[in-house]
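Step one of this worksheet: look at the structure below.
By convention in this document, chain letters (A, B, ...) are assigned in the order of the sequence lines, proteins followed by strands, and residues within each chain are numbered from 1.
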There are 2 protein chains.
Amino acid sequence: MFCNEAGASIEVAGILENPDMSRLDRSLIARLPAFQGLTPDDLDRVLARATPLRIAKGAPIFECEQEAQSFFLLLDGHVRVVRTTPQGQEVIIRYISPGELLGIAIAVGRATYPATAVAAIDCVVLAWPSQLWPDFVAAYPGFAGNAYKTIGDRLQDAHARVIELSTAQVDQRVALALVKLAQQTGKPTAEGLLIDFPISRQDIAEMTGTTLHTVSRLLTAWQESGLVKSGRQKVTVVDSDRLLALAEAAPS
Amino acid sequence: MFCNEAGASIEVAGILENPDMSRLDRSLIARLPAFQGLTPDDLDRVLARATPLRIAKGAPIFECEQEAQSFFLLLDGHVRVVRTTPQGQEVIIRYISPGELLGIAIAVGRATYPATAVAAIDCVVLAWPSQLWPDFVAAYPGFAGNAYKTIGDRLQDAHARVIELSTAQVDQRVALALVKLAQQTGKPTAEGLLIDFPISRQDIAEMTGTTLHTVSRLLTAWQESGLVKSGRQKVTVVDSDRLLALAEAAPS
DNA sequence: CGTCCATTTGATCAGGGTCAAGACGAGTGG
DNA sequence: CCACTCGTCTTGACCCTGATCAAATGGACG
């Protein structure tokens with residue numbers, strides 16, 4: 001179960017090799033928003049029920065429509081949440097960063113996952129069986145509250161994207177998507193905020209409802225004006241402010 | 001508090017005139033999904049804390065960014081949930097039908113409403129103070145569960161719209177919006193399913209991310225081919241099946 | 001009967017999708 | 001170590017969908 005097509009050869013911080021992983025990162029884990037308000041004892045009990053999993057880059061964590069047997073917390077890596085249309089076009093719903101919950105369909109009474117989650121890079125997640133959800137809600141109201149807050153944020157986010165797609169031009173949407181990604185996952189470098197996982201033009205297109213061609217043209221144009229710097233599956237946001245201004249500007 | 005700019009002159013089923021309204025519709029209310037799983041006694045207690053309100057057509061129930069002092073249940077009428085962009089463009093997030101909860105920001109830990117709700121026609125709602133939410137969740141887990149299910153459905157819906165806006169053509173989006181509205185609120189007539197509240201071309205445009213001009217052209221074209229029948233602020237879906245086929249067809 | 005708002009319809013045009021081709025880089029197997 | 005291949009990215013040319021601009025028509029309501 002810890003292996004998948006490339007599982008055997010992955011080298012992630014040796015969490016699985018350490019039988020006592022939960023104690024190892026306890027202090028880090030305790031700090032996650034998902035666990036705010038839990039007593040150390042409660043946290044112990046919650047972590048004791050979790051199964052750590054390592055997911056290879058490109059491997060699915062769960063698939064759309066599949067029975068929701070577990071819910072997850074991303075400890076390390078980045079996850080892409082995707083839906084495919086009947087015609088086979090993919091749309092990226094969101095990227096998940098370390099510390100976030102995912103696959104929490106069970107929290108809103110769904111029996112199946114509404115989307116597919118794929119590891120954008122090698123990931124480490126904690127998994128809990130869905131049956132535990134009602135117990136967790138009853139025993140650790142803080143945990144449930146944080147989970148519902150997450151759902152509320154995502155609902156808000158989804159509405160924001162509906163509004164964006166309805167009213168903004170392609171360049172604005174792409175600019176905003178890059179700014180958000182940079183804020184969410186940006187790693188500071190000499191040149192600016194580097195998006196911390198491989199992301200192709202195609203990926204950006206699937207996030208913003210456009211084509212890789214248009215994204216490519218925009219990125220080269222912005223590179224020339226010093227807003228971004230980009231390479232193969234790599235984007236660095238150089239001037240976040242000007243990019244954001246572009247995203248919010250009236251369509252000149 | 002029961003009055004607003006047009007409040008005094010509205011004529012809605014005389015619920016407020018009846019001091020005992022809750023007993024009046026008890027059997028109807030008990031049947032709403034929001035209350036499934038509550039014992040009659042619990043339902044009594046829940047309803048005893050509710051304030052019935054009458055909202056005139058066009059009047060707001062709550063406004064975006066405003067402090068979320070209450071949550072609501074729509075008993076009668078139809079509510080349009082709207083967001084306005086900084087540039088002043090309006091986007092219709094959804095229409096609420098009788099029996100649905102609204103303004104449940106508090107359930108996901110928000111202090112303010114994320115959107116504006118406006119009565120599309122004269123409405124009757126029940127309002128509860130937000131402070132009651134934690135008590136309700138604790139005392140009536142079924143109520144909370146149903147509320148979270150509602151939120152899950154809306155999240156699902158929002159994602160569906162993101163996908164639509166990202167991948168479908170305007171005509172498909174408009175067709176799908178009409179089919180959904182007809183299913184949700186359609187009143188059977190001799191000609192087909194009549195959408196049960198005044199809805200303008202502009203409204204449909206704001207739901208689908210297009211312009212009233214394009215909607216107008218589509219509706220006249222579809223009227224000629226017998227798919228719909230429409231008039232001033234009025235749309236009847238004549239051939240739901242063919243309209244749905246159009247919505248799902250590959251962009252020929 | 002006049003005013004206001006919703007709707008229709010035509011003409012124009014541009015944003016951005018589609019089609020096509022080539023360049024570049026990275027990993028693979030010989 | 002190099003040649004090959006595949007996937008990503010770039011760039012040009014073209015054209016279509018649907019927005020924009022403009023104006024007229026038609027109900028509804030005071």
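We find that CG of A:Asp171 is positioned 13 Å from C1' of C:dA14, with the value rounded to whole Å. Distance, B:Leu165 CG to D:dA19 P: 12 Å, rounded to whole Å. Here the P atom of nucleotide C:dT18 and the CD atom of A:Gln202 are 12 Å apart, to the nearest Å. In this entry the distance linking CD1 of B:Ile199 with P of C:dC5 reads 20 Å, nearest Å. Counting to the nearest Å, the P atom of D:dG7 and the CG atom of A:Asp203 are 15 Å from each other. One can place CH2 of A:Trp222 at 16 Å from C1' of D:dT10, the figure rounded to the nearest angstrom.
Across C:dG25, C:dC5, D:dC21, the shortest atom-to-atom separation from the side chain of B:His213 is found for D:dC21. Here C:dC24 is the nucleotide among C:dC24, D:dA19, D:dT17 with the atom lying nearest to any side-chain atom of A:Arg232. The listed nucleotides are D:dC9, D:dG18, C:dT18; the one nearest the side chain of A:Gln233 is D:dC9. Of the listed nucleotides (D:dT10, C:dT9, D:dT8), D:dT10 has the atom at the smallest distance from the side chain of A:Arg201.
Phosphate contact (OP1/OP2 of C:dT8, side-chain N/O of B:Ser216, threshold under 4.0 Å): present. Under 4.0 angstrom from either OP1 or OP2 of D:dT11 there lies at least one side-chain N or O belonging to A:Thr220. Distances shorter than 4.0 Å separate none of the side-chain N or O atoms of A:Thr211 from OP1 or OP2 on C:dG16.
When only modelled atom types and interatomic distance are considered, A:Gln184 and A:Ser97 share a side-chain donor-acceptor pair under 3.5 Å.
Atom NZ of A:Lys180 has more than 12 heavy atoms from other residues, nucleotides or ligands within 6.0 Å.
Using a 4.0 Å cut-off between charged side-chain N and carboxylate O, A:Glu90 and A:Arg80 make no salt bridge.
For C:dG17, the base has no donor-acceptor partner in the side chain of A:Arg217 [N/O atoms by modelled type, under 3.5 angstrom].
Residue whose closest nucleotide on DNA chain C sits further toward the 5' end, between A:Val170 and B:Leu212: B:Leu212.
Side-chain atoms of B:Asp122 come within 3.5 Å of backbone atoms of B:Lys57 as a donor-acceptor pair (strictly under, hydrogens ignored).
Ring geometry for A:Phe62 versus A:Tyr113: interplanar angle under 30°, hence parallel rather than tilted (30 to 60°).
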